[in-house]
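One structure is given below, encoded as structure tokens.
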Amino acid sequence: MEKDWWKKSVVYQIYPQSFMDSNGDGIGDLNGIIQKLDYLQNLGVDVLWICPMYASPLVDNGYDISDYYKVNPIFGTNTDMEHLIDEARKRNIKIILDLVVNHCSDQHEWFQKAKADPMCEEADYFYFCSTEDDQEPNNWRSNFGGSVWSRLPDGRWYYHTFAKEQPDLNWECKKLRDKIYEMINWWLEKGIAGFRVDAITFIKKDLSFASKEVPSGERYPVEKLTDYPGIGVFLNEMKKQCFEKYNCMTVAEAPGVDNQAFERYAGKEGYFSMIFDFGWENMEEENDKSSIEAVERWKKKIFQNVSNNSKIGWSAIFLENHDQSRCLNKFLKKEAINFYSASALASIYFFLYGTPFIYQGQEIGMTNVEWKNIEDMDDVRAKRTYQEAVDQGKNPQEVLAYFSELGRDNARTPMQWSDEKNGGFSIGIPWIKCNDNYQVINVEHQIHNPGSLYNYYKRLIKCYHDHADIVKNGAFHTLYENEPGLIAYEREWNGTVLTVAVNFTNQKLAMPYIDQPCILHNYKAVNTSQMQPYEARIYYGRSAEA
Ligand code: GLC
Ligand code: CA
């Protein structure tokens, strides 16, 4: 198999609960994914990233694993998983799984044993401590609100970066690390092609566990607990003992890794094949989204990150994932959302330097939900943050409005396959409600319409594959950086150049002359001197020096 094969691949992310329900219990499952493999092959993607499908009490939707070796019965069986790997392989599609090893579930056998017996081997697999004054051991904050410490009935405290049902694993313990590597290799032997590695920058702790300073005006410390010195020892070990042996693709969720640290993670000798570029993931701070000023600020962030990272490593580039709201809502005002702006957005990111990821439903333009009731929501983070905010006197409607804008459940509503009941996702009652707009936005309508967003994505993917060498090797250069509202860049390699030019505004823009054939665009006609609102063009030809 070609080395670095992932540099020519397009990845499609599946959130199994919400993708396709094959047996009518309202929960998506592995057989549902198998049913949709032809759809995915038709779209043209090379790799599927399947979010956690392991045994789990689902406190954090599967990111709390109680048995790493077992498929959660609500999704099917291990045999179904093998079947999925085989069926995907027949269609030239590879499967990568989520690797969640910063923490496990409090229902995992290891934690249960550790809880029952402080002297057992498994007690070393976690961070336990006792205090004399009944207070938490320090003031560190969990990512889901509250302290990182929770208490067992016998008085011991244990550490959790996320929910209290997700105790952190103690990577200092060699026996534990060996168990993790054994599990990773077991899955690789089953024929999966790699992993998306969850929250990995949290695995190394500051072992002094000293309280952090609280800046004035803040209630809690804001110091980051990620990428702590010494983490590389663990990550290199995991790479050597597992990933390297299989030439597998690894993509890390590595919060807290800045431009300086990028090379250690995703450079030539990096711990992983790539890490997600979170540097331009939203416009959260922009209250004038869709204005030229906001677009210019966003463009700067993209260009800064990609210019830096493309010189030293490889990124995973994305607009959406299961932790974020939908990209159309993130990057556009409601009134500006349409086919042109959606396809413009897709064109902007697809050829940046890295492997493009598509999140389920992004290819048909699924949008956020207006959450009116906290009971409709499922996300543990949303529920706990909501409670904390309301307890502190915040207006519940305001908190819900915040989630309608930024909540993780926006990405977790069922995939919209058709205009039938529940968007064709399930004949039962979906575990989380469908977006009301499934009658308008769905696969069935788009697949047969050549002018649909689905078919635009399909063309983009084809274009990516047709120019695999340039997307893998081509240097990244920004273009016309000072033209407000125009996002343009080129990838140049071996005398050829691929150019992307997108007018990401709702106004017409004067167009600099580009002396190459336009090979893909989202309007019917191409006017060489002017661009329509949200017009996108991809050009390919010989480079000027050639
Ligand atoms: C990652 C996952 C997120 C999960 C968290 C804890 O950030 O993407 O969904 O809640 O890790 O595992
Ligand atoms: Ca099901």
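Start at 1 and go down the list; that is how both ligands and their atoms are numbered.
- In terms of protein heavy-atom proximity, atom 2 (C) of ligand 1 is nearest to D198 OD1, 3.0 Å.
- When atom types are taken as modelled, the side chain of Y158 and the backbone of K115 share no donor-acceptor pair closer than 3.5 angstrom.
- Listed here is the closest heavy atom pair of K113 and C120: O-SG, 3.5 Å.
- Both tests pass for R141 against the ring of Y220: distance under 6.0 Å to the centre and angle within 45° of the axis.
- The closest donor-acceptor contact from the side chain of D64 to the backbone of G62 lies under 3.5 Å.
- Distances from the Ca ion (ligand 2) under 3.0 Å pick out these protein N/O/S atoms: D21 OD1, N23 OD1, D25 OD1, I27 O, D29 OD2.
- With I65, D379, D60, V101 as candidates, the residue nearest to atom 4 (C) of ligand 1 on a non-hydrogen basis is D60.
- Residue-level proximity to ligand 1 for F144 is carried by the side chain, the only part with a heavy atom below 4.0 angstrom.
- The closest protein non-hydrogen atom to atom 9 (O) of ligand 1 is D323 OD1, 2.7 Å.
- Between R196 and ligand 1 there is a heavy-atom distance shorter than 4.0 Å.
- Each of F202, W149, F209 was compared with W140 under the ring pair (Phe, Tyr, Trp, His ring centres under 6.0 Å) criterion, and only F209 meets it.
- Residue H103 places a heavy atom less than 4.0 Å from ligand 1.
- For ligand 1, the atoms lying closer than 4.0 Å to a non-hydrogen atom of R408 are 3 (C), 4 (C), 9 (O), 10 (O).
- The environment of NZ in K394 is sparse: at most 12 heavy-atom neighbours from other residues, nucleotides or ligands sit within 6.0 Å.
- Although no hydrogens or angles enter the test, the distance criterion places no donor-acceptor pair under 3.5 Å between the side chain of D409 and the main chain of R412.
- Per-residue contacts place E253 under 4.0 angstrom from the following atoms of ligand 1 (heavy atoms of the residue considered): 1 (C), 7 (O), 8 (O), 11 (O).
- In the vicinity of F162, heavy-atom distances shorter than 4.0 Å reach the ligand 1 atoms 5 (C), 6 (C).
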*Audit row: Y125, W110, ring-ring contact (aromatic ring centres under 6.0 Å, His included) steps and yes/no*: CA-CA 8 Å; Y125 293 4; W110 295 338; 5.3 Å; yes
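- Taking the six-membered ring for Trp and thresholds of 30 and 60 degrees, F243 and F195 have ring planes inclined between 30 and 60 degrees apart.
- The ring pair (Phe, Tyr, Trp, His ring centres under 6.0 Å) test with F19 singles out one residue from W49, W417, Y359, and that residue is W417.
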